[in-house]
Amino acid sequence: MSFVFQSIDHVQLAAPKDSESIARKFYGEILGFTEVEKPALLKKRGGVWFAFSSYQIHIGIEEPFAPAKKAHPAFQVENLDALKVHLTEYDVDFIVDVDLPGANRIYIHDPFGNRIEILEWIS
């Protein structure tokens, strides 16, 4: 092949119209992601972008909106137990899942109902 995939540039999740402030609270304040300035030409579409490490999460406005119930991003974390405490402090429910060998993992839903997997590999 004459081409090579290098990395994932970003993951996009959908949200309903006028939900940017809710996304900022959840992804920015609760999860601790940094907001990224959207290019001027894309701002008119609404939504908000975030980054952590070298990854970006784009929250895009979709009408009509339907949350992703099965499809989801999976984020690897360090110290999942501390994250669980943090989520509890913000009243964010999580589901513990023990079905993946070698990993501690949970599932959460963002305020729009999108499924998010968070895992920590056991060394």
Side-chain angles (χ1 to χ4, degrees):
M1 295 182 152
S2 61
F3 57 88
V4 177
F5 285 93
Q6 296 179 325
S7 69
I8 293 177
D9 181 76
H10 68 275
V11 172
Q12 179 155 324
L13 294 171
K17 185 177 179 183
D18 298 324
S19 61
E20 289 85 357
S21 62
I22 297 168
R24 285 183 176 99
K25 176 161 178 66
F26 184 77
Y27 288 95
E29 183 180 330
I30 296 174
L31 295 186
F33 297 168
T34 302
E35 186 170 347
V36 175
E37 186 75 17
K38 288 182 70 170
L41 288 174
L42 299 179
K43 284 184 182 182
K44 64 184 173 192
R45 298 180 184 175
V48 61
W49 293 1
F50 298 94
F52 69 95
S53 187
S54 61
Y55 306 99
Q56 288 194 14
I57 306 301
H58 296 179
I59 308 304
I61 301 304
E62 184 173 80
E63 291 295 329
F65 169 72
K69 297 291 187 184
K70 181 73 174 172
H72 63 276
F75 302 131
Q76 183 177 336
V77 298
E78 182 178 315
N79 200 348
L80 182 62
D81 288 336
L83 176 61
K84 289 185 210 176
V85 170
H86 179 77
L87 293 172
T88 300
E89 290 170 354
Y90 279 93
D91 295 320
V92 176
D93 294 329
F94 56 86
I95 299 165
V96 175
D97 181 272
V98 297
D99 293 337
L100 181 61
N104 291 325
R105 74 176 170 174
I106 62 173
Y107 289 97
I108 63 174
H109 289 89
D110 73 6
F112 319 115
N114 294 307
R115 181 182 193 201
I116 298 171
E117 178 180 344
I118 302 174
L119 60 88
E120 180 175 36
W121 291 105
I122 303 165
S123 42

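Heavy atoms only: backbone and side chains are in, while hydrogens, waters and symmetry mates are out. Position 1 is the first residue of the sequence, and the numbers go up from there. Treat the numbers as computed from the prediction; the structure is a model and nothing was measured.
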For this session: Find out if a path of hydrophobic residues (ILVMFWY) with successive side-chain heavy-atom gaps under 4.5 Å connects Val77 to Val85.
Result: no
4.5 Å side-chain heavy-atom contact, [X] and [Y]:
X      : Y      : answer
Tyr27  : Leu13  : yes
Arg115 : Tyr107 : yes
Ile118 : Ile116 : yes
Leu119 : Asn104 : no
Trp121 : Gln76  : yes
Val92  : Phe26  : yes

For this session: Quick one: which residue pairs count as a salt bridge (charged side-chain N to carboxylate O under 4.0 Å, His left out) with a foot in residues 54-76, not counting sequence neighbours?
Result: none
Exercise. According to the salt bridge (charged side-chain N to carboxylate O under 4.0 Å, His left out) rule, which pairs have a member within residues 42-61, sequence neighbours left out?
Worked result: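 Listed once each, the pairs are Glu37-Lys43.
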Exercise. So which pairs with a foot in residues 77-103 pass side chain to side chain donor-acceptor pair (under 3.5 Å), sequence neighbours left out?
Worked result: Asp97-Arg105
Problem set entry | side-chain contact (heavy atoms from CB on, under 4.5 Å) against Pro64, all qualifying residues, sequence neighbours excluded |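 Once residues adjacent in sequence are excluded, Pro64 has no partner under the side-chain contact (heavy atoms from CB on, under 4.5 Å) criterion.
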Exercise. Quick one: side-chain contact (heavy atoms from CB on, under 4.5 Å) partners of Ala66, sequence neighbours excluded?
Worked result: none
Problem set entry | Other ILVMFWY residues reachable from Ile61 by side-chain steps of under 4.5 Å | none
For this session: Give me the other members of the hydrophobic cluster that Leu41 sits in, counting Ile, Leu, Val, Met, Phe, Trp and Tyr linked by side-chain heavy atoms under 4.5 Å, directly or via other members.
Result: none
Measure across [X] and [Y] and return the closest heavy-atom pair with its distance rounded to 0.1 Å.
X      : Y      : result
Phe112 : Ala23  : CZ-N, 3.8 Å
Ile22  : Pro111 : CG2-CB, 3.5 Å
Ala15  : Ser19  : CB-OG, 3.3 Å

Seminar exercise, completed: Applying salt bridge (Lys or Arg N to Asp or Glu O under 4.0 Å) to Glu20 and not counting sequence neighbours gives none
Exercise. For Lys17, which residues count as a salt bridge (Lys or Arg N to Asp or Glu O under 4.0 Å) partner, sequence neighbours excluded?
Worked result: none
Problem set entry | Reported CZ-to-CG distance for the pair Phe94 and Leu83, which is rounded to 0.5 angstrom |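 So the CZ of Phe94 and the CG of Leu83 are separated by 8.0 Å.
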Problem set entry | CA sep, side-chain torsions, deciding dist, call: Phe75, Phe33, side chain to side chain contact (heavy atoms under 4.5 Å, CB included) | CA-CA 12 Å; Phe75 302 131; Phe33 297 168; 4.2 Å; yes
Below 3.5 Å, can you tabulate the donor-acceptor pairs from side chains in residues 3-11 to any protein atom, sequence neighbours excluded?
none

For this session: Give the intermediate values and the outcome of side chain to side chain contact (heavy atoms under 4.5 Å, CB included) for residues Ile108 and Leu87.
Result: CA-CA 9 Å; Ile108 63 174; Leu87 293 172; 3.9 Å; yes
Validation: residues 50-59 side-chain donor-acceptor distances under 3.5 Å, sequence neighbours left out:
| residue | atom | partner | partner atom | Å |
| --- | --- | --- | --- | --- |
| Gln56 | OE1 | His58 | NE2 | 2.7 |

Exercise. Can you list the residues that meet the side-chain hydrogen bond (donor to acceptor under 3.5 Å, both in side chains) rule with Asn114, with sequence neighbours excluded?
Worked result: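 Residues passing side-chain hydrogen bond (donor to acceptor under 3.5 Å, both in side chains) with Asn114: Asp110.
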For this session: Salt-bridge test for Arg24 and Glu29: reply yes if a basic N is under 4.0 Å from a carboxylate O, no otherwise.
Result: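 Salt bridge absent between Arg24 and Glu29.
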